[in-house]
Visitor: 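So that we are looking at the same thing, I have put the structure below in structure tokens.
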Amino acid sequence: MIDLKLLRASPAQVRAALARRGDSSLTRLLDEIEALDMKRRTLTAQLDQLKAERNDAARADALVAKAQGGLPEATAVARRKLGERITALESELRQIETTLEAKALFVPNPPLPEVPEEPTILRSWGTPAAKGGKPHWEIAERLGILDLPRGAKLSGSGFPVLVGAGARLARGLINFMLELHTREHGYVEVEPPLLVRREVMIGTGQLPKFEDDAYRTATDDLFLVPTAEVPVTNLHRDEILDGRTLPMGYVAYTPCFRREAGAAGKDTRGLLRVHQFDKVELVRFCRASDSPVQHETLTGHAETVLQQLELPYRVVVLPANDLGFAGAKTYDLEAWAPGVGQWLEVSSSSTFTDYQARRANIRCRPRPGEKPEFVHTLNASGVALPRTIAALLETHQQPDGSVTIPPALVPYVGTDRLA
RNA sequence: GGACAGGUGGGUGAGCGGUUGAAACCGCCGGUCUCGAAAACCGGUAUGCCCGCAAGGGCAUCGAGGGUUCGAAUCCCUCCCUGUCCGCCA
């Protein structure tokens with residue numbers, strides 16, 4: 001949630017920051033929000049004064065009523081009139097507040113100042129193989145580990161079926177990542193619900209603006225999670241965390257469900273864009289002052305996965321106009337896939353500053369006795385499976401059509417070669 | 001799905017319709033005592049919004065919304081949630 005106080009105090013800066021996202025409709029939205037905010041404050045001041053009057057009167061009336069067993073009719077009438085006026089103003093105020101909040105939920109997080117205008121490669125790791133070899137779907141077909149037609153039969157396109165060693169590869173990857181993050185990186189593993197309430201989706205920023213992208217159950221108004229970020233970040237909604245326990249991190253494996261509403265026709269082949277996929281997600285909570293460091297740490301944790309899988313990758317800073325709705329700064333980890341000749345986004349590592357914390361009301365008390373403050377939330381894929389599997393198959397494919405399994409993964413897959 | 005019970009501050013848990021933001025206890029912070037600690041004792045400990053440079057002041061909040069009333073944590077209605085039992089069931 002945008003900080004209305006900040007918008008009020010320095011509207012020019014907030015507007016300038018948001019303008020970098022390149023969404024021209026925001027100007028008008030902010031105009032409306034500022035106007036409503038002004039109205040709200042005027043009304044509130046007026047109401048507070050009337051209520052103060054009523055409170056004073058009620059205190060005095062209590063004594064009179066007790067002494068005389070009732071209130072003089074004239075007094076009662078005057079009080080009633082005051083009450084009616086208050087009620088009327090209150091309903092007006094409530095309407096303004098409802099509208100204001102509804103609009104404010106559509107304002108994205110302002111990018112951090114250091115976020116560039118153009119995609120910027122920050123660093124890269126490993127030596128990308130020359131473009132060539134087979135694309136992953138051909139490799140997978142030959143190995144008999146992926147069945148797209150049958151997935152389509154069950155659920156439509158974008159619902160892959162992993163078979164045999166493919167299913168085992170996925171399971172091995174999940175276990176490998178969970179073990180790495182819990183044992184080496186200190187994350188607490190959670191297995192969250194996959195269906196969540198509407199307000200939970202609002203908390204992390206998927207709703208209200210992107211309802212079309214989510215799968216929703218009609219009868220219960222629950223949403224299939226598009227990422228574990230949603231349930232895991234909201235784990236602490238409406239809580240005041242003990243600041244001494246921060247920073248803290250959770251890791252969760254979940255399937256993810258995305259309608260990919262705007263992406264029809266893109267990356268339709270293979271595993272690059274699907275409606276259901278597995279992902280291991282890292283979520284961190286920290287003090288505001290700590291989030292820049294935490295973001296780097298977090299990104300490093302995701303990178304470790306790719307390094308251990310021996311997948312060359314690069315780290316890209318997303319430009320302001322490509323940031324997700326709630327993100328203030330994002331690094332994409334892109335693994336090289338020689339078969340399709342593309343850098344594949346296998347992880348997105350973002351800091352959300354206090355934006356999600358405001359929406360989900362997640363605070364911390366830095367030390368006992370101190371004032372609560374909003375935490376900062378961050379998350380990164382650690383990592384997403386389908387594209388990682390694609391990069392893995394294409395990178396480690398052998399001339400004979402087999403695929404070698406990187407040593408770190410062998411214990412989890414139970415073989416050093418898919419053939 | 002059916003029948004009950006209940007939702008109060010960081011936690012547990014009291015609260016005749018009228019100085020109740022709300023007892024008590026726990027926790028936490030500070031102090032006394034101690035070589036130090038524990039215990040004991042004393043004091044302090046909610047959040048949000050608004051005005052103000054500040055000191056300070058005002059308003060709101062007892063699940064949410066609406067209603068009754070001069071006045072609601074307290075009465076009424078609706079909704080949400082939680083728990084227990086029954087039914088169904090991996």
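Naming: A, B, ... by sequence-line order, numbering from 1 per chain. Values below: every heavy atom of this structure, side chains too, minus hydrogens, waters and symmetry copies.
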Visitor: Name the closest nucleotide to the Arg54(A) side chain, picking from C81(B), A60(B), C50(B).
Guide: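 Comparing C81(B), A60(B), C50(B) against the side chain of Arg54(A), the answer is A60(B).
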Visitor: Is the ring centre of Tyr215(A) less than 6.0 Å from the ring centre of Phe223(A)?
Guide: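 Not close enough - the centres of the two rings lie 6.0 Å or further apart.
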Visitor: Hunt down the Watson-Crick or G-U wobble partner of C81(B), both distances under 3.5 Å, from any strand shown, or write none.
Guide: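 Paired with G6(B).
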Visitor: Given Leu207(A), which of Arg359(A), Arg216(A), Arg198(A), Glu199(A) fulfils the side chain to side chain contact (heavy atoms under 4.5 Å, CB included) condition?
Guide: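 The passing option is Arg198(A).
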Visitor: For C41(B), what is the paired nucleotide under Watson-Crick or G-U wobble rules, both distances under 3.5 Å?
Guide: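 By the stated definition (distances under 3.5 Å), G31(B) pairs with C41(B).
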Visitor: NA contact type, Arg244(A), heavy-atom cut-off 4.0 Å: base, sugar-phosphate, or nothing?
Guide: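 Since no nucleic acid heavy atom lies under 4.0 Å of Arg244(A), the category is nothing.
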Visitor: For U74(B), give its Watson-Crick or G-U wobble partner with both distances under 3.5 Å, or none.
Guide: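 Paired with no nucleotide.
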Visitor: State yes or no: are the ring centers of Phe285(A) and His236(A) separated by less than 6.0 Å?
Guide: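 Close enough - the centres of the two rings lie under 6.0 Å apart.
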Visitor: Name the nucleic acid region contacted by Ala45(A), choosing base, sugar-phosphate or nothing; use a 4.0 angstrom heavy-atom cut-off, strictly under.
Guide: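 Nothing, no heavy atom under 4.0 Å.
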Visitor: Distance check, C1' atoms only: G2(B) and C59(B), in whole angstrom units.
Guide: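 Here G2(B) and C59(B) have their C1' atoms 45 Å from each other.
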Visitor: So if I take every side-chain heavy atom of Arg40(A) and compare against U47(B), C50(B), U82(B), which nucleotide ends up nearest?
Guide: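 In terms of side-chain proximity for Arg40(A), the closest of U47(B), C50(B), U82(B) is C50(B).
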Visitor: Could you point out which residue of Lys103(A), Arg15(A), Arg8(A) forms a salt bridge (charged side-chain N to carboxylate O under 4.0 Å, His left out) with Glu34(A)?
Guide: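 For Glu34(A), the salt bridge (charged side-chain N to carboxylate O under 4.0 Å, His left out) check succeeds only for Arg15(A).
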